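Okay, structure first, notes after.
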There are 2 protein chains.
Amino acid sequence: MPAQTSHNPPPVTPDPGPDALRADARENRERILRAAREAYALHGIDVPISAIARRAGVGVATLYRRFPTRTSLITEAFTEQLAECAGALDEALEDPDPWRGFCTVLRKVCAMQAADRGFTHAFLARFPGDTAYAGERDRAEEGLALLVRRAKEAGALRPDFDVSDVVLTLLANNGVANGAGPEAAAASRRLVGYLLESFRAGPATGPLPPPAGLELDRLGGTG
Amino acid sequence: MPAQTSHNPPPVTPDPGPDALRADARENRERILRAAREAYALHGIDVPISAIARRAGVGVATLYRRFPTRTSLITEAFTEQLAECAGALDEALEDPDPWRGFCTVLRKVCAMQAADRGFTHAFLARFPGDTAYAGERDRAEEGLALLVRRAKEAGALRPDFDVSDVVLTLLANNGVANGAGPEAAAASRRLVGYLLESFRAGPATGPLPPPAGLELDRLGGTG
DNA sequence: CGGTAAACGGACGACCCCCTCCATTTAGCC
DNA sequence: GGCTAAATGGAGGGGGTCGTCCGTTTACCG
């Protein structure tokens, strides 16, 4: 990334923003996002750009002008769902029972993963140089850490649980979501059921293999 | 597949078999398989055929003549590892402690998954029309079912464990193996640690979401 | 040593996806 | 209604993989 010339008050939005667009352009922008969400949910994040354009009823050029990079499209397409995740975390933090909050947020995010094949990738993908998610993600990590600490202090979450185990859960769930086909939802629920039982503090168990130190921003679809 | 003309004593081996080959051809065949295993382990199952050929030091045509379909190459390349899995299961069945056997086989297979990016795909991929694995797989399913039953009867495995939960475990582990990059091995160990704790029979826990009824032959890399 | 069939490998056409360019259409304003 | 800049869409060059064809090389046998 070339250095910027010292000053630029609005951080040079690569996306002009939906508001500054002409009416027909804004309409098309929405159609593209809708089509992208549908396509991603159905076929995963690898659908050709041209397929999304076709589904949206626009030309490829239109799509490319609005979303110059694949990442920018994905970012926009999943903003809503990511906000939903953030909301779930906020709710969990407000729950007087941190363990219940912990369970709820994990169940919810995993269910979303299982329902939408593209969501996982959007969720786990790192967006190099893209600051749109960075703040959101940092906030999520903080909130998660807080929730985990509280749940431990309440004696409900096992003490050797590591925050990175949340990522572990998401990755595992991703594997199930991608591999289990039509049974993905049921399989995901069952996996999360097993894991939550294991995460719950209980009578002393043997030592666990050490945490893998996974971080949200070090992960990608295929490593 | 066109109907066959009623009789063909040797079931028309698409692979002439390593033995009937000329010396140089057999040599090349081995080189191809070695290269395929390396490439799959490093880059997953999607490496271009040409890359494997190059790595093996042969032309594409040679590879294609020996292994007409991608599947046939994968099948051959992972035969050894699959045999190792089968061996692990056999050992587990011989273990006087079925729970220990169960843990060992799950740990071993998951470790293999984590170590070799291609192995999972080979392991889970369905091979339509390919009978090479069918017998092996049926035997594995039987053995697994037996192991699970014994472990339950020994009171070590929770009664509501379902055989399909083994597949669930493999899918989850696959997600971790594919997504955790360099930490895949550690992350996989930790996941399996959590799951095995959960699988272990213990003080009554709440009801689990129902099993997803996953079967080995209904799974594929991306469903 | 010589002949033959097996084996080889590179080149090639078909296909798909990415992304840009440009001639044409259209919305919004006077 | 007419003008202008924004917006559009499809064609096309570039890159990559697949799988086959065919002229050349090589192992094996007599």
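Each chain gets a letter, A, B and so on, in the order the sequences are listed, and its residues count up from 1. Just so it is clear, the model here is predicted, and its values are computed rather than measured.
For the pair A/Leu73 CG and C/dC18 P, the interatomic distance rounds to 11 Å; values are reported in whole Å. Spacing between atom CG of B/Asp46 and atom P of D/dG16 amounts to 17 Å, rounded to whole angstrom units. B/Arg66 has its CZ atom 11 Å from the P atom of C/dG9, to the nearest Å. For A/Leu63 and D/dG10, the CG to C1' distance is 14 Å, given to the nearest whole Å.
Under the side-chain contact (heavy atoms from CB on, under 4.5 Å) criterion, A/Pro48 pairs with A/Ser50, A/Ala51, sequence neighbours left out. Under the rule for a side-chain contact (heavy atoms from CB on, under 4.5 Å), the partners of B/Thr104 that lie at least two apart in sequence or sit in another chain are B/Arg100. Every residue two or more places apart in sequence or in another chain that forms a side-chain hydrogen bond (donor to acceptor under 3.5 Å, both in side chains) with A/Asp24 is listed here: A/Arg22. With sequence neighbours left out, the side-chain hydrogen bond (donor to acceptor under 3.5 Å, both in side chains) criterion links B/Tyr40 to no other residue. With sequence neighbours left out, A/Cys103 forms a side-chain contact (heavy atoms from CB on, under 4.5 Å) with A/Trp99, A/Arg107, A/Leu196.
Centroid-to-centroid, the aromatic rings of A/Tyr194 and A/Phe199 stay 6.0 Å apart or farther.
For residues 169-189 of chain B, no pair satisfies ring pair (Phe, Tyr, Trp, His ring centres under 6.0 Å), with sequence neighbours left out. Sorted by first and then second residue, the salt bridge (Lys or Arg N to Asp or Glu O under 4.0 Å) pairs involving residues 31-50 of chain B (not counting sequence neighbours) are B/Glu27-B/Arg31, B/Glu38-B/Arg55.
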Handout entry: Where protein sits on nucleotides 19-26 of chain C, one letter per nucleotide: B base, S sugar-phosphate only, - none, heavy atoms under 4.0 Å
Key = BBB----B
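Put simply, A/Thr62 has a side-chain N or O that comes within less than 4.0 Å of OP1 or OP2 on D/dG9. The phosphate of C/dC8 has OP1 or OP2 within less than 4.0 Å of a side-chain N or O from B/Asn28.
Both B/Arg26 and A/Arg54 sit near DNA chain C, but only B/Arg26 has its closest nucleotide nearer the 5' end.
Summary of helix geometry: the two end axes of the helix from C/dC1-D/dG30 to C/dC30-D/dG1, each defined by five base pairs via their C1' atoms, are inclined to each other by 10° (rounded to 10°).
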